[in-house]
Chemist: 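Below are the C-alpha cells for one structure; questions will follow.
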Number of protein chains: 2
Amino acid sequence: MTNEQAASRFEHDYECYENVAATIGVIGGKWKMLIMWHVNQGSIRYNELRRSIPGISQKMLSQQLKELEQDGIIHREVYPETPPRVEYNITDYGHTLDPIFDLMDAWGETHRQTVGRGRTP
Amino acid sequence: MTNEQAASRFEHDYECYENVAATIGVIGGKWKMLIMWHVNQGSIRYNELRRSIPGISQKMLSQQLKELEQDGIIHREVYPETPPRVEYNITDYGHTLDPIFDLMDAWGETHRQTVGRGRTP
DNA sequence: CGGAATCCAGGATGATACTG
DNA sequence: CAGTATCATCCTGGATTCCG
C-alpha cells in the first residue's frame, strides 16, 4: 500500500468513526434508549415518563429530554393550562433511528445469551 | 389498554432496552470504534494501534482492547519472542457488528450534515 | 515491546430543595 | 405539574512510573 492510499484510508476510517460516534452521542446517553422507547409508544407526559423509568432522577430526565429535543429526535409540546401540561412525541426524524434500534436489539439479545453478561453502560 | 397489556409492554420495552444497552456497552466506549476500525483492516500490533490512534493513552488502549477481547469482538495473539509481539484481529463474532456500523455510519453522516454538530461522546 | 499499578482532575450522575 | 438550582459523589480517563 502506498502512503497516499494509507492516508486516504485513514481519513475514511476517521470519517466513519466520527459518524458512528455522532450516532452514539445521540442515542448513547445512559437513559436515552429507555426514554425514546417510551416516547415511541405515543404521546407521554413528563411525570408519566418519570414513573415509567424507575431510578431516573428529575435532573437526568430533563437533561436527556432536552438533548433528544435539540437533536430533533423528540418533540416537546407545551399546553398552557393550569396545571401546566407538557407532552413528548417522537419526530419523523427520530423514527429514522428505528432500523438501528432493531439491529441493536437483535444483536444485543444474541450477545447477552452468548456472553451471559456484557458491560451495560 | 389493560393493566396486563401495559405490564407486558413494559417488560418488552425493558428487554429491548437491555439488549440495545448491551450493544452500546460493547461498542460505545470512547475509543472502541476507532480501535475496531483499525483492527478490522487486519492484524495489528499494540504499538501500531497506539500510533494509529493519536491522543489515546496506553491505559485506555489496554483497557478497551481487553474489554473488546472479553466481549469476543477481537482476538489477541501473543508470540513468545524477544522482544515480545502481540497481534490483534477481528473475530468472526466481531464481524457480526458490521451491519450496525454501516447503519450508524450512514445515519451519523446525515445527522452531522443536518444538525451541523451533535454531541460526540 | 507490551503492558500493569498508582495517583489525580474533571465531568457525569445523583439527592435534595425550591419555583413558576 | 414540570421543571431548575445547588451541592455531594462517583467514575472515567489522563499522566506518570514501574515490570517481565
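No hydrogens, no waters, no symmetry mates; every other heavy atom, side chains included, goes into these values. These numbers were taken from a predicted model, which means no experiment stands behind them.
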Chemist: Output yes when a side-chain donor or acceptor of B:T96 lies under 3.5 Å from a complementary backbone atom of B:D92, and no otherwise.
Modeler: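 Looks like no, no N/O pair under 3.5 Å.
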
Chemist: List in numerical order all residues of residues 83-90 of chain B for which some heavy atom is under 4.0 Å away from an atom belonging to DNA chain D.
Modeler: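 Contacts with DNA chain D under 4.0 Å: B:P84.
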
Chemist: Considering every strand and a 4.0 Å limit on heavy-atom distances, what is the contact class for A:S62: base, sugar-phosphate, or nothing?
Modeler: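 Touches a base.
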
Chemist: What is the distance, to the nearest angstrom, from the CG atom on A:L65 to the C1' atom on D:dG3?
Modeler: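 About 11 Å, once rounded to whole Å.
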
Chemist: Look up atom CD1 in B:I53 and atom NE2 in B:H38, then write down how far apart they are to the nearest 0.5 Å.
Modeler: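 So the CD1 of B:I53 and the NE2 of B:H38 are separated by 5.0 Å.
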
Chemist: So, taking the atom named OG1 in A:T23 and the one named CG in A:N19, what distance separates them when rounded to the nearest 0.5 Å?
Modeler: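 Between atom OG1 of A:T23 and atom CG of A:N19 there are 7.0 Å.
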
Chemist: To the nearest angstrom, how far is A:Q63 atom CD from D:dT4 atom P?
Modeler: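 Answer to the nearest Å: 10 Å.
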
Chemist: How many whole angstroms separate atom OH of A:Y79 from atom P of D:dA2?
Modeler: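 From A:Y79 OH to D:dA2 P: 12 Å.
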
Chemist: Any salt bridge between A:R112 and B:E15, counting N to O under 4.0 Å?
Modeler: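 Yes, charged N to carboxylate O under 4.0 Å.
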
Chemist: Heavy atoms only, 4.0 Å cut-off, all strands: where does A:R50 land among base, sugar-phosphate and nothing?
Modeler: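 The residue A:R50 makes no contact with any strand.
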
Chemist: How long is the line joining NZ of A:K59 and C1' of D:dC10, in whole Å?
Modeler: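 So the two atoms are 12 Å apart, to the nearest Å.
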
Chemist: Write down the atom of A:H75, the atom of A:T91, and the distance for their closest heavy-atom approach.
Modeler: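 Heavy atoms only, the tightest pair is N-CG2, 3.7 Å.
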
Chemist: Is the shortest side-chain N to carboxylate O distance from B:E67 to B:K32 below 4.0 Å?
Modeler: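 So B:E67 pairs with B:K32 through a salt bridge.
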
Chemist: Can you tell me how far C1' of D:dA5 sits from CD of A:Q58, to the nearest Å?
Modeler: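 Value for this atom pair: 12 Å.
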
Chemist: Starting at atom CD1 of A:I56, determine the distance to atom P of D:dA2, rounded to an integer number of angstrom.
Modeler: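 Taking atom P of D:dA2 as the reference, CD1 of A:I56 is at 15 Å.
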
Chemist: Would you tell me if any nitrogen or oxygen in the side chain of A:R76 comes within less than 4.0 Å of OP1 or OP2 on D:dG3?
Modeler: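 Yes, such a contact exists.
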
Chemist: First and last nucleotide of DNA chain C in contact with chain A, 5' to 3', at under 4.0 Å to a heavy atom: what are they?
Modeler: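 Listing 5' to 3', DNA chain C meets chain A from C:dT13 to C:dG20.
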
Chemist: For A:L49 and D:dG3, what is the distance between atoms CG and P respectively, to the nearest whole Å?
Modeler: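 Roughly 10 Å, once rounded to whole Å.
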
Chemist: Give the rounded distance in Å between these two atoms: CE of B:M60 and P of D:dA15.
Modeler: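 After rounding, the reported distance stands at 12 Å.
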
Chemist: Closer than 4.0 angstrom, basic N to acidic O: yes or no for B:R85 and B:E87?
Modeler: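 Yes, this pair counts.
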
Chemist: Could you tell me whether B:Y93 and A:W107 have their ring centroids closer than 6.0 angstrom?
Modeler: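 Ring centres of A:W107 and B:Y93 closer than 6.0 Å.
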
Chemist: Looking at residues at least two apart in the chain, or sitting in another chain, which of them share a ring pair (Phe, Tyr, Trp, His ring centres under 6.0 Å) with A:W37?
Modeler: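 Partners of A:W37 by the ring pair (Phe, Tyr, Trp, His ring centres under 6.0 Å) criterion, ordered by chain and then number, come out as A:F101.
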
